[in-house]
Number of protein chains: 2
Amino acid sequence: MAVQKPTSLDIAAAAGVSQATVSRALRDSPQVSEETRERVKKAARELGYIVNRNAAGLRTQQTNVLAVLLFDELGQHRFEANPFFLSMFGSISHAAAELKYDVLVTFQEDSENWHHDLIVANRADGIILLGYGDYRDSGSKFSMLTENECPYVLWGPDLPELKGKVVGCNNIKGGRLATEHLLSTGRNKIAFVGEASASSPEFLARFQGYSQTLTDAGIAVDPALQFDAHDEQEGYLAGLRLLASGCQFDGVFAVSDSIAIGVMRALKEADKRIPDDIALVGFDDLPLAAYVEPSLTTVRQDCKMAGQLLVHSLVSQIHKKAPGQMTIEPELIVRQSS
Amino acid sequence: MAVQKPTSLDIAAAAGVSQATVSRALRDSPQVSEETRERVKKAARELGYIVNRNAAGLRTQQTNVLAVLLFDELGQHRFEANPFFLSMFGSISHAAAELKYDVLVTFQEDSENWHHDLIVANRADGIILLGYGDYRDSGSKFSMLTENECPYVLWGPDLPELKGKVVGCNNIKGGRLATEHLLSTGRNKIAFVGEASASSPEFLARFQGYSQTLTDAGIAVDPALQFDAHDEQEGYLAGLRLLASGCQFDGVFAVSDSIAIGVMRALKEADKRIPDDIALVGFDDLPLAAYVEPSLTTVRQDCKMAGQLLVHSLVSQIHKKAPGQMTIEPELIVRQSS
DNA sequence: TTCAGCGATGAATACGTATGTATAATGAGC
DNA sequence: GCTCATTATACATACGTATTCATCGCTGAA
């Protein structure tokens, strides 16, 4: 890169000490006296010395790199439509930088190709999995990483078999916040759009918050008001089915903003007034949520905090320390749609 | 990472050859016979061998890593609101993977801190600069990188002093597309919202496309219809000023979708009908553009192609080869707002 | 039969750092 | 004045790979 990059030997010559002392001085070892430390650092600064990461890594057997694996099964478009991971990625990057880690990013299209994961792992001290969507049989899926003692964390649901590896939102509480809010505005026939099954544990938890809240309020949970959906288009279709079902309803809790926006499209096409006829609440607080009409009430996840927690717990694993906090709290953002 | 990672020596022992032969076989050197190559590869597969990048990099003096510097002067929010870079980043990642490069990402808050850039450069074979916004005196700004013979490319305007380093959109043509479209729908009093100055060369080029098109059509370019703006809020304010100015206008070309959405907000507040009273065209094709009401006509930049061009031209530089194509063509996306 | 030429492999080395061990310098205690 | 503990530094080595140079066996021409 540089015309001729200086090595620690060059610094040693310039400062009149040995290469070993240079290394120790730059790493602030207590073994080296204050005076020589300063002399060495000054020489390093003047020569524009930068530690060679390959050599240092080879010696110390670590990379000071965290890998982020982005599972993107729906192709590029999904990530494009999911700014949540992007924001989180931003905070991951910042948090990692503070701890002197670089961040290596890989788009992972095939979530079965664990060999590739290991290759990535080989270039990093630990890995962060984002957007991993399929948690069926999740214990065995991660066994390869576990067997190889590869530190990893993922953003996702709080499954017992992944104890200590998962950072996630308190989804049950999120579901409660949304449902309680709808109840507080006088709605009591509240539909649920999303998937309440074990293959989407996060959605399931939000459903649990929804149904717990209804039960607590003495309202029966009506399966006729539950519709499956995973994205905008399916949300739209679910909205159509909901309208066609003939069921009475005055509120809708959608498990994601994308789905909510699809539902909103269906409702608007049917000339329903939002929120007058039907109140609508989403989940995630995508930037989009503030711009649709009417703007969408939603449950926000603090993605900045999320990124920090991911990095901190991963680094804790790397250093064999106890992980700290692993859950972030959701927050209700009230807008026009409710 | 692994309990005990095998080295090339282990493979050598398993295959009954020397370490040198292992290295050659795995790198498909013609010096090694077909038979032993297979034997070595088989052994490597069975032992789960993965080349140690630190050691390889130390030996070859390269990292096989491309660094992406994301200049993010407006803080985390801007990147969050700018999915364009995200999509581009996705294609960068894919293109890099095809060429066996990893991608290291760094958020860069201070565009003056070139020392940090060099540190990053030291960990990569080349760097890609995204979102670098200030091109005043741009020649000298990049001199540090040039002096150190550090390969780099950036996404930006086609400035002569950055010849061979810039991949960008044909912004003049983009401005023409937008303006020609507005003309073709019968508008002839077309306002421009953005900044037509050298400190934003991309916006300036779009303005040139706008003014050239008007001139070609025999329409005078009216400075009274030009307003500065850089983001949604400033677009809103520009919209208010435009309305308050009393000037007649029936179309608006905004240099970005964010600005266009701000203008749209101002127009709607003033009860202007879009597109009946005023037609509106943006630039970028953010995902948001399809969701606002009315949906926004805009000029799309092919970010997938852009990412590929960035990677390919950077790798060309690294290998001291001639760069290829450096420009992508814009495309008009017509929606409801025009 | 001899030897040049060639193809395939092994031995040896260097990349730049971090660190264990040895050594020199200093001061305290008797 | 001598020993011994303490400190600061130098010396030496290993990390795992890629590559240069040397070696060896073999073929074919003289």
Side-chain angles (χ1 to χ4, degrees), chain A residues 1-41 43-44 47-65 100 102 119 121-125, chain B residues 1-41 43-44 47-65 100 102 119 121-125:
Chain A
M1 197 93 17
V3 183
Q4 199 54 280
K5 272 185 287 189
T7 74
S8 55
L9 277 168
D10 298 321
I11 309 305
V17 295
S18 74
Q19 180 269 330
T21 302
V22 170
S23 175
R24 282 192 259 258
L26 293 180
R27 298 175 57 78
D28 288 322
S29 159
Q31 291 186 48
V32 54
S33 71
E34 187 65 32
E35 183 222 333
T36 50
R37 187 204 322 285
E38 282 312 315
R39 190 152 39 95
V40 168
K41 286 194 172 180
L47 295 182
Y49 172 73
I50 296 172
V51 175
N52 180 317
R53 297 276 286 226
N54 280 328
L58 176 58
R59 173 63 227 234
T60 58
Q61 303 289 40
Q62 54 174 3
T63 60
N64 267 35
V65 168
K100 306 289 179 197
D102 284 337
I119 292 177
N122 192 50
R123 298 171 194 172
D125 296 334
Chain B
M1 196 95 15
V3 183
Q4 198 56 280
K5 272 185 287 190
T7 75
S8 55
L9 278 168
D10 298 322
I11 309 305
V17 295
S18 72
Q19 180 269 331
T21 303
V22 171
S23 175
R24 280 191 268 255
L26 294 180
R27 298 176 56 78
D28 287 322
S29 159
Q31 291 186 50
V32 55
S33 71
E34 188 65 31
E35 183 222 332
T36 49
R37 187 205 320 289
E38 283 312 314
R39 191 154 36 97
V40 168
K41 285 194 173 181
L47 296 183
Y49 172 73
I50 296 173
V51 175
N52 180 317
R53 298 274 287 223
N54 280 327
L58 176 59
R59 173 63 226 237
T60 59
Q61 304 287 42
Q62 53 173 2
T63 60
N64 266 34
V65 169
K100 307 287 178 198
D102 283 337
I119 292 177
N122 192 50
R123 299 172 193 171
D125 296 334

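All figures in this text were calculated on a predicted structure; none of them were measured in a lab. Basis for what follows: all heavy atoms, side chains included, without hydrogens, waters or symmetry-related copies. In what follows, chains are A, B, ... by sequence order, proteins preceding strands, each numbered from 1.
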(request) Find the distance Leu9(A):CG to dA14(C):P and express it as a whole number of Å. (result) 13 Å
(request) Check the distance between dT17(C)'s C1' and Ile11(A)'s CD1 and give it to me in whole angstrom. (result) 13 Å
(request) Look at all strands and tell whether Val22(B) reaches a base, only sugar-phosphate, or nothing, counting heavy atoms closer than 4.0 Å. (result) nothing
(request) Report yes if a side-chain nitrogen or oxygen of Ser18(B) is closer than 4.0 Å to either non-bridging phosphate oxygen (OP1 or OP2) of dA11(C); otherwise report no. (result) no
(message) With a 4.0 Å limit, can you tell me whether Gln61(B) has a side-chain N or O closer than that to the phosphate oxygens OP1/OP2 of dA18(D)?
(response) no
(message) Tell me the interatomic distance from Asn64(A), atom CG, to dT17(C), atom P, rounded to whole angstroms.
(response) 15 Å
(request) Report yes if some heavy atom in the side chain of Asp125(A) is under 4.5 Å from a heavy atom in the side chain of Val65(A); otherwise report no. (result) no
(request) Would you kindly give the CZ-to-P distance between Arg53(B) and dA18(D), to the nearest whole Å? (result) 11 Å
(message) Using a heavy-atom cut-off of 4.0 Å across all strands, would you classify Gln19(A) as base, sugar-phosphate, or nothing?
(response) base
(message) How many whole angstroms separate atom CG of Leu58(B) from atom P of dT17(D)?
(response) 12 Å
(request) Report yes if the side chains of Asp28(B) and Lys41(B) come closer than 4.5 Å at any heavy-atom pair, otherwise no. (result) yes
(message) What is the distance, to the nearest angstrom, from the NZ atom on Lys5(B) to the C1' atom on dC15(D)?
(response) 12 Å
(message) Can you identify which nucleotide, out of dG16(C), dC15(D), dA8(C), has its nearest atom closest to the Ser33(B) side chain?
(response) dA8(C)
(request) Could you tell me whether Arg24(B) contacts a base, only the sugar-phosphate backbone, or nothing, with contacts defined as non-hydrogen atoms closer than 4.0 Å? (result) base
(request) Scan Ser29(A) against the nucleic acid and name what it touches under 4.0 Å (heavy atoms): base, sugar-phosphate only, or nothing. (result) nothing
(message) Please classify the nucleic acid contact of Thr7(A) as base, sugar-phosphate, or nothing, using heavy-atom distances under 4.0 Å.
(response) sugar-phosphate
(request) Look up atom CD1 in Ile50(A) and atom OG1 in Thr7(A), then write down how far apart they are to the nearest 0.5 Å. (result) 13.0 Å
(message) Which nucleotide wins on minimum distance to the side chain of Val32(A), given the candidates dG16(D), dA14(D), dT9(D)?
(response) dT9(D)
(message) Whole angstroms only, please: what is the CD-P distance between Gln62(B) and dA18(D)?
(response) 10 Å
(message) On DNA chain C, compare the nucleotides closest to Arg59(B) and Ala20(B); which residue's is nearer the 5' end?
(response) Ala20(B)
(message) Can you tell whether the side chains of Arg37(A) and Glu34(A) come within less than 4.0 Å, N to carboxylate O?
(response) yes
(message) Can you tell me which nucleotide in dG16(D), dC21(D), dA18(C) comes closest to the side chain of Ala56(A)?
(response) dA18(C)
(message) Nearest to the Arg27(B) side chain among dT17(D), dT19(D), dA12(D), which nucleotide is it?
(response) dT19(D)
(request) Would you indicate which nucleotide in dT9(C), dC15(C), dT17(C) comes nearest to any side-chain atom of Thr21(B)? (result) dT9(C)
(message) Which residue is it: Asn64(A), Asp102(A), Thr63(A)? I am looking for the one with a side-chain hydrogen bond (donor to acceptor under 3.5 Å, both in side chains) to Arg53(A).
(response) Asp102(A)
(request) Would you mind reading off the distance between Gln31(B) atom CD and dT19(D) atom P, rounded to a whole angstrom? (result) 10 Å
(request) Ignoring the backbone of Ser23(B), work out which of dG10(C), dA18(D), dC15(D) is nearest its side chain. (result) dA18(D)
(request) State plainly whether the residues Lys5(A) and Asp10(A) are in salt-bridge range, i.e. N to O under 4.0 Å. (result) no
(request) Let me know, please, whether Ala55(B) or Val17(B) comes out on the 5' side of the other along DNA chain C by nearest nucleotide. (result) Val17(B)
